[in-house]
Amino acid sequence: MTGWLDWQRATVLRKVHGLADEQAHQSLLPTSPLMTVAGVLSHLRWTERGWFTASFSSAAGGHMKRDLSGGWQVPPSSLSALVEQYA
């Protein structure tokens, strides 16, 4: 599983490389304003961290502040900050 996650992270990071912050926060679907590259990256980070924290809570300190948005709500931040949190 960790091998697959490493592959997914590498693929996602390769896809977002070179995007400007403005592009990363641009809505891709008019009917879904949270569907941005930054939103997808945030969601992947949130989901991965959530699964590991829930599955291995003793290893992660047992506590994770839950973000009920599923990670889709992205505060104004740079793409490089999101990449750093995900990588």
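How far CE of M35 is from NE2 of H43: 8.5 Å, rounded to the nearest 0.5 Å. Going from atom CH2 of W46 over to atom CG of L44 covers 11.5 Å, rounded to the nearest 0.5 Å.
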Distance-only check: which donor-acceptor pairs under 3.5 Å involve side-chain atoms of residues 12-22, not counting sequence neighbours?
unit_1: D21; atom_1: OD1; unit_2: L79; atom_2: N; d: 2.8

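Under a cut-off of 6.0 angstrom, the local environment of CD in E84 is sparse, with at most 12 non-hydrogen atoms contributed by other residues, nucleotides or ligands.
Listed by chain and residue number, S78 satisfy the side chain to side chain donor-acceptor pair (under 3.5 Å) test with S80 (two or more places apart in sequence, or in another chain). Checked against side chain to side chain donor-acceptor pair (under 3.5 Å), E48 has the following partners two or more places apart in sequence or in another chain: R9.
The two residues S32 and S27 make their nearest non-hydrogen contact at O-OG, 3.6 Å. The two residues T36 and G39 have their closest heavy-atom pair at OG1-N, 2.7 Å.
S42 places no side-chain N or O within 3.5 Å of a backbone atom of A38 that could act as its donor or acceptor partner.
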